[in-house]
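Here is the naming used below: chain letters follow the sequence lines, and residue numbers restart at 1 for every chain.
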Amino acid sequence: MDGGLSPIAATRLGRGASVSLVDLEKRFEGVGAVRGISLEIASGEFLTLLGPSGSGKTTTLMMIAGFETPSGGDIAIDRASVVGVPPHRRNIGMVFQNYALFPHLTVAENIAFPLKQRGVDRGTRAVRVKEALALVRLPGYEARYPRQLSGGQQQRVALARAIVFQPRLLLMDEPLGALDKQLRESLQLEMRRLHADLGITFVYVTHDQEEALTMSDRIAVVNEGRIAQLGAPEALYDRPCDRFVASFLGESNFLTGTVRGMETGVVVAECAGAVLRGVAPQALAAGAAVTLSTRPERMRFADALPAAPGNRLRATVTEAVFAGERCRYLLRAEDGTMLVVKEPSSATTRRRAVGEVAELAWPVADTVVV
Amino acid sequence: MRNRPPLLLLTSLVLLFLALPIVLIAAVSFSSAAYLTFPPPAFGLRWYRAYLGSADWLASTWLSIGVAAATVALATSLGTLAALALGRLPRAARTAAAALILSPLIVPGIVVAIGIYYAFSRWGLIGSPVGLVLAHTCLAVPFVVTSVGASLANFDRRLEQAARSLGATPWGAFRQVTLPLIRPGVLVGALFAFITSFDELIVALFLSGSGAVTLPRRMWDDLRFAIDPTIAAVATLTIAFTALLLGGAHLLRQRALR
């Protein structure tokens, strides 16, 4: 080992693999599961495929791993097409949904499995297993069997097994799905740390938007076999491109109305009996129907703000729920549109009563056309 | 509680009914008399000595063991492969293929035997151990497919995918992951294949000829032509041997359940 660098940490110098998906398609008995996905994943990136079940995200991952054959399009890893290359020759690490640890092998044998396939000698295997266990913070667990471990520990072993052979690409299929919330959150942070330590490319599949937002460099929101939107978590959250993304990634309030006109990049529209403005990616014709979307935590009660910015709308409180860190209100606008408002709680904020008519205010920049 | 005594009585009667022939045969096998008689006038190992001193009986025993061993090898490999393949077929094809493979269990033994006799007589396989092994394999494969299939039902296919993603070839994944995990089912299937062949009479009646007389076949002939207590000794040994194998199968199944 040169300069004291462990072989696993040394992969970092070799960086991760780049992945490109070109018009990728998969049909099962004529039904399209993946319908034309194109995506460039950069070397060393943490990319998440986020979507509801049946959206095609897992099928896409299975095609990258080589367990499903594309019906059309191409997959290239480091610029070389891998279509037709069997899974065992792709040199890709993979973490499965329920860990898929080999129950008849010990933790050490599980982690040594990929090394054994590659003809690594016994002595080196033991050293690398020990290193991998240290990396996932499970030192000394070599002799245990998977059934003797908790779910979180099994997940760490699965992770160690998937990276011990220094793949340049790691695929993960809902790896935290079976764990409870607290454990999930701590493992999310650990995955980020591992990603930073290893410097390899991660492709992560999940239906959990919070998980996606917390960990990813970029998120591809997948719906009905296509990418609905691709971008950094903040960009996706602040500027969802359509109703699906706006409601799947976080919560959104939708206000529908008609376009009155345009002001440099901003649409002016009549919605729910008020004149509202929202960021528009392209010009819209006056009289056209339009839907504006705003996050519940970006809306405020106007009378609680020193200078109320941008959009204003009158609505009646129909439900008020105190949820610890915030109050969650349900309101009805004059045209019947239901709105959710999340107000951070403090001892000094006035709680709104059901039936109270309030004026909501929120910035134009937090309003987007979807 | 009221039901207890009648149930106990009934169960005892059924068990007695089932065990009585075995007990009688075992008792007769230790008889000192020169003919089949019950109760035996005195006990001795005379007929076990007669069995062990008879070249014909021993030849048949070894033939039966050899045929059964070859049947186990053939039926277990074919049956295991068939069970694996069945799991990968689309539903309709799977049902059809499974029905075909299991048909020797359903078709009456005598019909199978006649069919095999006609086919094999054309190929010169009558009176040859090879013919017996092939025929017994047909009869034993269903047992292997059933027991391996049951093991596979509990096997997570993702383990195989995990092995492949970690660099194992298809054969490597099977040998290192799938096979160790379905091994109890394979071993139980192998045991049943052995017993199926070792105890088989009907096909042997047609295929043994004079060149390949298996143990059940020789017992049959012996009963028809000369009734002496040797047959009781052979039967007792066969029963003990089969019981041991079944006990082994039971232990394996217990372990598989754990």
Proximal component of B/Ala173, with respect to chain A [non-hydrogen, under 4.5 Å]: neither

Sub-4.5 Å heavy-atom contacts with chain B: which residues of residues 78-105 of chain A show up? A/Pro86, A/Pro87, A/His88, A/Ile92, A/Met94, A/Phe96, A/Gln97, A/Asn98, A/Ala100, A/Leu101, A/Phe102, A/Pro103, A/His104

State, without any angle test, whether A/Glu174 and A/Tyr204 hold a side-chain donor-acceptor pair at a distance under 3.5 Å. no

Distance-only polar pair, side chains of A/Ser71 and A/Glu25, donor-acceptor under 3.5 Å: no

Exactly one candidate in B/Ile202, B/Val112, B/Ile116 meets side chain to side chain contact (heavy atoms under 4.5 Å, CB included) with B/Leu139; the answer is B/Val112

Using a 3.5 Å distance criterion without hydrogens, assess whether the side chain of B/Thr80 forms a donor-acceptor pair with backbone atoms of B/Ser77. no

Verify whether one side chain among B/Glu160 and B/Thr178 offers a donor that lies under 3.5 Å from an acceptor in the other. yes

Counting only heavy atoms closer than 4.5 Å, note whether B/Gln176 contacts chain A via side chain, backbone, both or neither. both

With a 4.5 angstrom heavy-atom cut-off, is it the side chain or the backbone of B/Leu181 that approaches chain A, or both, or neither? side chain

Are the side chain of B/Thr242 and the backbone of B/Thr238 linked by a donor-acceptor contact shorter than 3.5 Å? yes

For the residue pair A/Tyr141 / A/Thr106, report whether a side-chain donor-acceptor contact shorter than 3.5 Å exists. no

